[in-house]
Amino acid sequence: MLKINKKVEYALMALKFMADEKSQGELASAREVCDKFHTPFDTTSKVMQAMNNSGILQSVKGIKGGYILARDLNSLTYMELARVLEKKMGESLCRGSEGNCELLKDCNIVAPIERLNITLNQYLDHLTIKELFNMAFNSTAYQKQTSFSV
């Protein structure tokens with residue numbers, strides 16, 4: 001099962017909120033996102049700052065400041081977003097930055113697990129945020145995505 005960390009989750013919530021509930025050019029603040037979704041301010045603010053620093057959002061300074069979308073969600077992939085927010089992208093269960101799994105030497109599922117990791121990463125490299133958001137509401141988009149082959 002794919003595990004999404006809290007930073008990516010908060011980023012997705014903020015992006016969907018900004019795309020669906022804000023008109024073109026209307027600002028959204030980190031506080032507004034926190035109040036709407038009951039997320040912690042410090043983490044949400046840092047996530048939005050990271051998205052600003054990477055060009056996903058654009059910040060507007062001042063008392064009435066906030067963020068606007070700087071990227072079209074049709075051009076932003078899940079993996080791009082995750083790489084902005086996560087430190088350990090692309091690691092497998094068997095081999096990671098903290099060393100190899102203790103069972104690696106005798107394990108009989110290393111190859112299929114590593115292939116699964118590669119396949120999922122390739123899928124997520126092509127899955128746009130817009131497609132991800134549309135999956136829940138559009139069975140055609142879901143069918144398109146689930147027919148991905150490697």
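- Annotation for L116: hydrophobic cluster partners, listed by chain and number, are L120 (ILVMFWY side-chain heavy atoms under 4.5 Å, direct or chained).
- With values rounded to the nearest 0.5 angstrom, Y10 atom OH is found 13.0 Å from I4 atom CD1.
- Here the CZ atom belonging to F41 is positioned 9.5 Å from the CG atom belonging to D35, to the nearest 0.5 angstrom.
- The distance from the CG atom of L69 to the CG atom of L76 is 9.5 Å, given to the nearest 0.5 Å.
- In terms of the salt bridge (charged side-chain N to carboxylate O under 4.0 Å, His left out) criterion, residue partners of D20 (sequence neighbours excluded) are, by chain and number, K16.
- In terms of heavy-atom proximity, V8 sits nearest to A82 at CG2-CA, 4.0 Å.
- The salt bridge (Lys or Arg N to Asp or Glu O under 4.0 Å) contacts involving residues 117-126 comprise R83-D125, where partners must be two or more places apart or lie in separate chains.
- Here M13 contributes atom CE and T39 contributes atom OG1; the two are 6.0 Å apart, rounded to the nearest 0.5 Å.
- Summarising the geometry of T128 relative to N74, their closest heavy-atom pair is CG2-O, 3.1 Å, with the distance given to 0.1 Å.
- The local environment of NZ in K130 is sparse, with at most 12 non-hydrogen atoms from other residues, nucleotides or ligands closer than 6.0 Å.
- Here I68 sits in one hydrophobic cluster together with L27, V60; the rule is ILVMFWY side chains under 4.5 Å apart, joined directly or through other members.
- Residues in residues 38-63 take part in no salt bridge (Lys or Arg N to Asp or Glu O under 4.0 Å) pair, two or more places apart or across chains.
- A50 and L85 make their closest contact through CB-CD2, 3.8 Å (heavy atoms, listed as atom of the first residue, atom of the second, distance).
- Of all heavy-atom pairs spanning M51 and A11, the tightest one is SD-CB, 3.8 Å.
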(request) Apply side-chain contact (heavy atoms from CB on, under 4.5 Å) to M18 and L57, showing your working. (result) CA-CA 10 Å; M18 294 171 77; L57 299 180; 3.7 Å; yes

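- Between C34 atom SG and M48 atom CE the span is 8.0 Å, to the nearest 0.5 Å.
- Annotation: side chain of R71 is not in contact with side chain of I129 (no heavy-atom distance under 4.5 Å).
- Contact detail for L15 and L73: the closest heavy-atom pair is O-CD1, 4.1 Å.
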(request) Assess whether side-chain contact (heavy atoms from CB on, under 4.5 Å) is satisfied between I118 and R115, documenting all intermediate values. (result) CA-CA 5 Å; I118 290 167; R115 184 65 189 153; 3.6 Å; yes

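- Contact of the K36 side chain with the V33 side chain is not registered, since no non-hydrogen atoms from C-beta on lie closer than 4.5 Å.
- Every residue two or more places apart in sequence or in another chain was checked for a side chain to side chain donor-acceptor pair (under 3.5 Å) with S29, and none qualifies.
- In terms of heavy atoms, Y67 sits closest to S45 at OH-O, 4.5 Å.
- Atom OH of Y78 is separated from atom CG of L132 by 8.0 Å, given to the nearest 0.5 angstrom.
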